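In what follows, a structure is listed as structure tokens, so that the remarks can point back to it.
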Amino acid sequence: MSASTRASSHAATQVLFDAPGPKGRRRILLLSVLSSLVILALIAGGLWQFAKNDQLDPNKWVVYLRTDYLAFLGRGLVGTLQVTAVAAVVAFPVGLLLSLARLSRFTALGAAAATWIEFFRGIPMLLVVYAFLLALPAFGVTFPRFWMLVIPMILVSSATTAEVFRAGIKAVDRGQHEAAAAIGLSRRDSLVHVILPQAVRLVLPSLILALVTLLKDSTLGYVVSFNELQFQGKTMVSITRYLVQTYVVVSVIYIVLNFLLTRIALALDARMKMRATAG
């Protein structure tokens, strides 16, 4: 990035966000220190309670280094990644199609897409899972446990990502539409080759959030007894009787997964922006 570009970017940032003065910086520093002290106090209090109740006994933690326990949790991790990947691969394209349908010039198609989106955005995914577990079998419609979890994830995620894509499409500068029309592109070609690539870049951070949300939603697998990570952890508690230790280990795995997923997606976002700048 050139010096002039950095200078203009800095100037634009100052226009949007006032730089804090000396009092503001001291206030920010004070709040940061106080927040850090509160967090450290909470951690220390939690560790003290664990120690008081004999939950920090090393013998209660080393069991999670056993090969069979690691393999047991590993099977749950594989299940979590499978349902998340399948749900994302289906839900994101469906969400894009729903957004295009809602933006369509055909009133009936737009109304149908809007109804789908608003219904599944407004209903908790747990209720959708229960519908597949309890309601549909009453009418003779049954699915394997994998799909009883994945299909509700797809239905709900497609509705939320549809609004993400719609916002991205509407955020593309109107001049891009006019420029595409000026060079003779049809409305369809303009959408496919000009508008959608820019819209996807704009909404990529939101898609990252949607992917992380799907990963968290996979924990509802315990409802249908699907062997994802949360369900495996619940089963392990019944085996080891170590509730705190098991769920701490499972929580750490989820935190690491979300961190890695976010870092990979941010790296992809940065690469796409570099390509767009170079182009």
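Source: prediction; values computed, not measured.
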Close side-chain approach of [X] and [Y], heavy atoms under 4.5 Å:
X: Ile208; Y: Leu261; answer: no
X: Phe132; Y: Leu155; answer: yes
X: Gln230; Y: Tyr247; answer: yes
X: Leu77; Y: Leu257; answer: yes
X: Leu207; Y: Leu211; answer: no
X: Leu100; Y: Phe165; answer: no
X: Val223; Y: Met148; answer: no
X: Lys216; Y: Val212; answer: yes

Hey, mind stepping through Val86 and Trp147 against side chain to side chain contact (heavy atoms under 4.5 Å, CB included) and telling me if it holds?
CA-CA 10 Å; Val86 172; Trp147 293 108; 4.0 Å; yes
If you apply the rule side chain to side chain contact (heavy atoms under 4.5 Å, CB included), what do you find for Val150 with Phe143, and how did you get there?
CA-CA 10 Å; Val150 171; Phe143 294 90; over 6 Å; no
What's the spacing between Thr142 OG1 and Leu136 CG if we round to 0.5 Å?
9.5 Å
Where [X] and [Y] come nearest, the two heavy atoms and their spacing:
X: Ser218; Y: Leu149; value: O-CD2, 3.8 Å
X: Glu228; Y: Thr80; value: CB-OG1, 3.4 Å
X: Thr219; Y: Tyr222; value: O-CD2, 3.0 Å
X: Pro93; Y: Ala88; value: CD-O, 3.9 Å

Show me the pairs that pass salt bridge (Lys or Arg N to Asp or Glu O under 4.0 Å) and involve residues 112-135, at least two apart or across chains.
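Pairs touching residues 112-135 that pass the test: Arg102-Glu118, Glu118-Arg121, Arg121-Glu163.
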Specify whether Phe226 and Phe146 have parallel, tilted or perpendicular ring planes, treating 30° as the upper limit for parallel and 60° as the lower limit for perpendicular.
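The rings of Phe226 and Phe146 stand perpendicular, inter-plane angle above 60°.
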Go through the structure and list residues passing side-chain contact (heavy atoms from CB on, under 4.5 Å) with Phe139, not counting sequence neighbours.
none
List the residues meeting side-chain contact (heavy atoms from CB on, under 4.5 Å) with Leu209, not counting sequence neighbours, and say none if there are none.
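Expected list: Thr213.
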Go through Thr235 and Phe231 one step at a time and tell me if the side chain to side chain contact (heavy atoms under 4.5 Å, CB included) criterion holds.
CA-CA 6 Å; Thr235 304; Phe231 182 78; 3.8 Å; yes
So Phe92 and Leu214, side chain to side chain contact (heavy atoms under 4.5 Å, CB included) or not? Walk me through it.
CA-CA 11 Å; Phe92 289 1; Leu214 277 175; 4.2 Å; yes
